[in-house]
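Since the structure comes first, as structure tokens, the remarks are kept for the end.
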Amino acid sequence: LCVDNKLILAFSNYGYHEFALNLALSLKKSRVSNFLIISLDQMTHNRLTESNIPSFYEPEYELESDAFYHSSAKFQTLMRIRLLVLHRVLSLGVDVLFTDADAVFNRDP
């Protein structure tokens, strides 16, 4: 997935999967192939992989759709998971562009 040791990384659960699909479409239109969506539930992972979008799913990280409500305890758990995954990828020596799933790219960053 990495190109020149660089990776674009985003997270999504099923409540955000349409945003993740849109993000992936914008990256593909920009001819970017070095991206990965971390799926926070099995349904999201299935939907993304069915659409030929690179997805990684780890059941340990599974969160319900309401984890995106900023005031919830689950949102705080999501923030910790994001940092943990980001740390793990950076520890491998990969340069990461970390983006939200609701972002859109018009060209290769």
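In this chain, residues are counted from 1 in sequence order. No experiment lies behind these values; they were computed from the predicted model shown.
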| note | Output for pair (Phe105 CZ, Ser26 OG), nearest 0.5 Å, gives 6.5 Å
| Are a donor atom and an acceptor atom from the side chains of Thr77 and Arg80 found within less than 3.5 Å of each other? | yes
| request: Check the hydrophobic clustering (I, L, V, M, F, W, Y; side-chain heavy atoms under 4.5 Å; chains of links allowed) and say if Leu40 and Val96 are grouped together. | output: yes
| query | Is there a path of hydrophobic side-chain contacts, each under 4.5 Å between heavy atoms of I, L, V, M, F, W or Y residues, that connects Val3 with Leu97? | reply | no
| Atom CG of Asn106: over 12 foreign heavy atoms under 6.0 Å | no
| What is the distance from atom CG of Leu9 to atom OG1 of Thr99, rounded to the nearest 0.5 Å? | 9.5 Å
| request: Starting from the C-alpha separation in whole Å, work towards a yes-or-no answer on side-chain contact (heavy atoms from CB on, under 4.5 Å) for Ile38 and Glu58. | output: CA-CA 8 Å; Ile38 305 297; Glu58 170 57 56; over 6 Å; no
| said: Go through it in stages, so that I can follow the logic: the residues are Leu84 and Met79, the test is side-chain contact (heavy atoms from CB on, under 4.5 Å), and I'd like the CA-CA distance, side-chain angles, deciding distance and then a yes or no. | reply: CA-CA 9 Å; Leu84 175 66; Met79 294 299 105; over 6 Å; no
| note | Closest heavy-atom pair, Thr44 versus Asn13, reported as atoms and distance to 0.1 Å, is OG1-C, 2.9 Å
| Any idea which heavy atoms bring Ala101 and Leu23 closest together, and the distance? | O-CB, 3.5 Å
| request: With the side chain counted from C-beta on, respond yes when Leu83 and Arg88 share a heavy-atom pair under 4.5 Å apart, and no when they do not. | output: no
| message | Under a plain distance cut-off of 3.5 Å, with no hydrogens placed, do Glu18 and Asn22 share a side-chain donor-acceptor pair? | response | no
| ILVMFWY cluster, Ile81 and Leu7 together (side-chain gap under 4.5 Å) | yes
| message | Please give me the minimum heavy-atom distance between Val32 and Ile8, naming the atom from each residue. | response | CG1-CD1, 3.7 Å
| query | Do you reckon Leu90 sits in the same ILVMFWY cluster as Val94, going by side-chain contacts under 4.5 Å, direct or chained? | reply | yes
| task | Could you tell me the separation between the CZ atom of Arg31 and the CZ atom of Arg107, rounded to the nearest 0.5 Å? | result | 16.0 Å
| Which atom of Asn34 lies closest to which atom of Lys6, heavy atoms considered | ND2-O, 2.9 Å
| Less than 4.5 Å apart, any side-chain heavy atom of Gln42 and any of Tyr14? | no
| field | Distance flag, aromatic centroids of Phe98 and Phe11, threshold under 6.0 Å | value | yes
| task | Test His45 against Phe56 for side-chain contact (heavy atoms from CB on, under 4.5 Å), laying out the working first. | result | CA-CA 7 Å; His45 178 69; Phe56 174 80; 6.0 Å; no
| query | Are Ile53 and Leu27 grouped together when hydrophobic residues (ILVMFWY) are joined by side-chain heavy atoms under 4.5 angstrom apart? | reply | yes
| query | Would one find more than 12 heavy atoms of other residues, nucleotides or ligands at under 6.0 Å from atom NZ of Lys28? | reply | yes
| query | Side-chain contact, heavy-atom cut-off 4.5 Å: Leu21 with Leu48? | reply | yes
| query | Among side-chain atoms of Ser39 and Ser55, is any donor-acceptor pair under 3.5 angstrom? | reply | yes
| task | Quick one: do Arg82 and Asp100 satisfy salt bridge (charged side-chain N to carboxylate O under 4.0 Å, His left out)? Show the steps, please. | result | CA-CA 11 Å; Arg82 287 169 51 144; Asp100 287 332; 3.3 Å; yes
